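This report concerns only the one structure given below.
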Amino acid sequence: MACIIDGKALAAEIKRNLKKDAEEFETRYGRKITLAVILVGENPASCVYVNNKVKAAEFVGIKSLSFRLPESATERDVEQVVKSLAADKSVDGILVQLPLPKHINEEKILSLVPPEKDVDGFTAENVGNTTLFKEGINSCTPAGIIYMLKSINAPLCGKHAVVIGRSNIVGKPVAMLLLKENCTITVCHSKTENLGEITRQADILIAAVGKPRFVKADMVKDGAIVIDVGINRTESGLCGDVDFDGVKDKASYISPVPGGVGPMTIATLMQNVYKCAVRRENAGL
Ligand code: NDP
């Protein structure tokens, strides 16, 4: 039976430490770190994520400003909110909860977030820095995954990491961060042939597919470390992209859903907000 990587406990530890850092920041700079969160529409999953992010900010001592726009909001409405937050010196971080309604161009909206306030690490500059292995704001979920792997002292150097999924928010950036850690990387996607043959070679297997229990035990090498990014809402409740019950007897470590990558994403988001605030103060912005 695999050891469980307890993302909830790790995230709680990160947030406890950040609480002290945020207090020190306030004492030093005479102001609270401030995060602006924009939610457009009423997508139930997005509402839950936003509420969890606001709650985490409150715990850490980060002030959060919520901007909730109706589903009918125009692209221009959203643009105006982002632009005014970009210009507001008291705001350290801007988070636009994705997905945006279909009539709004996500890329265009995200491009309005200044890189120094881009707490999600989605702007071209921050993605570029991740790819160049430069200091910057890394995307939250991938950064959380690396933290989880380091927390178990997983040997990364020279190991084969297989990522299933190539999205801009998980698959691609986690592949870059693993490459930075000297893993050998294979990125798989919906057009990949002989997927199981590839995943069975993985020392570290990251599943970011968005399909309930997609990764079965016969796709996993004995002793592999398996990180399940998926959050799928099924009739029987939340589940990941990994068939946990089957895979747990084969893997050496496995992250559960819920209680794995999800809480880590929020904790690393809080780290990014803190990082943005410090960097803005240091840059005199
Ligand atoms: P996307 O839908 O953007 O990407 C899914 C990826 O999986 C795509 O690259 C797709 O390939 C690939 N894929 C789909 N079907 C297959 C298949 N049969 N074989 C191999 N690859 C396949 O999803 P995200 O990356 O945004 O999210 C993935 C999952 O992670 C979701 O469940 C999401 O809810 C969850 N998530 C969880 C987070 C957390 O904090 N825990 C944060 C973000 C996401 P192709 O590119 O060819 O279409």
Side-chain angles (χ1 to χ4, degrees), residues 4-8 10-12 14-15 37 43-53 55-56 95-100 102 106-107 110 119-122 127 130 138-149 161-178 185-202 205-216 218-220 226-234 236-244 254-272:
I4 308 294
I5 309 178
D6 187 346
K8 206 171 162 188
L10 284 173
I14 292 174
K15 286 187 286 181
V37 182
N43 176 323
S46 293
C47 292
V48 172
Y49 296 146
V50 162
N51 288 342
N52 289 343
K53 289 168 187 178
K55 254 195 243 161
L95 184 154
V96 182
Q97 183 64 44
L98 301 181
L100 289 171
K102 289 210 165 33
E106 268 179 17
E107 210 180 309
L110 291 178
V119 289
D120 265 326
F122 289 163
V127 172
T130 301
N138 292 319
S139 186
C140 305
T141 303
I145 292 171
I146 299 296
Y147 193 100
M148 291 169 100
L149 292 171
V162 175
V163 180
I164 319 177
R166 58 173 165 181
S167 71
N168 289 339
I169 63 169
V170 188
K172 281 187 218 165
V174 79
M176 282 303 134
L177 293 182
L178 288 162
I185 312 294
T186 305
V187 181
C188 303
H189 46 78
S190 67
K191 307 287 186 290
T192 298
E193 292 180 358
N194 306 320
L195 182 67
E197 250 172 54
I198 299 168
T199 58
R200 275 191 293 277
Q201 294 170 30
L205 182 60
I206 315 282
V209 195
K211 296 203 162 139
R213 304 182 187 94
F214 178 82
V215 175
K216 307 285 184 208
D218 65 1
M219 295 169 72
V220 177
V226 179
I227 304 287
D228 189 351
V229 184
I231 301 179
N232 304 293
R233 287 172 170 76
T234 67
S236 52
L238 269 195
C239 79
D241 289 346
V242 175
D243 177 19
F244 184 89
I254 187 166
S255 72
V257 178
V261 175
M264 289 302 292
T265 296
I266 294 183
T268 47
L269 170 70
M270 295 302 127
Q271 282 184 318
N272 280 354

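Quick caveat: nothing in here was measured; it's all calculated off a predicted structure. The basis for the numbers below is simple: all heavy atoms, side chains too, and nothing from hydrogens, waters or symmetry mates. Just follow the structure's listing: the first ligand is 1, and inside any ligand the first atom is 1.
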Side-chain donor-acceptor contact under 3.5 Å, Asn232 with Asp241: yes
I'd like to know if the side chain of Ser255 pairs up with that of Asp228 as donor and acceptor (distance under 3.5 Å, no hydrogens or angles considered). no
If you count the atoms of ligand 1 from 1 in the order shown, which ones are under 4.0 Å from a heavy atom of [X]?
X	answer
Asn232	32 (O)
Gly165	6 (C), 7 (O), 9 (O)
Val170	25 (O), 43 (C), 44 (C)
Lys211	15 (N), 18 (N)
Gly210	28 (C), 29 (C), 31 (C), 32 (O)
Thr141	40 (O), 42 (C)
Val261	41 (N)
Thr265	39 (C), 40 (O)

Out of [options], whose heavy atom sits nearest [atom]?
atom	options	answer
atom 38 (C) of ligand 1	Ile198, Thr199, Val229	Val229
atom 21 (N) of ligand 1	Arg166, Lys172, His189	His189
atom 11 (O) of ligand 1	Ser190, Ala208, Pro258, Cys239	Ser190

Would you find more than 12 non-hydrogen atoms of other residues, nucleotides or ligands less than 6.0 Å from Lys55 atom NZ? no
Taking the side chain as C-beta and beyond, is there a heavy-atom pair between [X] and [Y] under 4.5 Å?
X	Y	result
Val242	Ile254	yes
His189	Thr192	yes
Val215	Phe244	no
Leu205	Ile227	no
Phe122	Leu98	yes

Cys188: heavy atom below 4.0 Å from ligand 1, yes or no? no
Are Thr192 and ligand 1 in contact, using a heavy-atom cut-off of under 4.0 Å? no
Of the non-hydrogen atoms in Gly260 and Pro263, which two are nearest, and what is the gap between them? O-CD, 3.3 Å
Closest approach of any protein heavy atom to [atom], naming residue and atom:
atom	result
atom 26 (O) of ligand 1	Ile169 CD1, 3.6 Å
atom 2 (O) of ligand 1	Val209 O, 4.5 Å
atom 17 (C) of ligand 1	Phe214 CZ, 3.6 Å
atom 34 (O) of ligand 1	Ile231 O, 3.4 Å

Return the set of residues passing side-chain contact (heavy atoms from CB on, under 4.5 Å) with Pro173 (not counting sequence neighbours), or none when no residue passes. Ser139, Pro142
State which residue, out of Ile266, Ile169, Thr268, Val229, fulfils the side-chain contact (heavy atoms from CB on, under 4.5 Å) condition with Thr141. Val229
Consider every N or O of Ser167 and every N or O of ligand 1, then say whether any pair is closer than 3.5 Å. yes
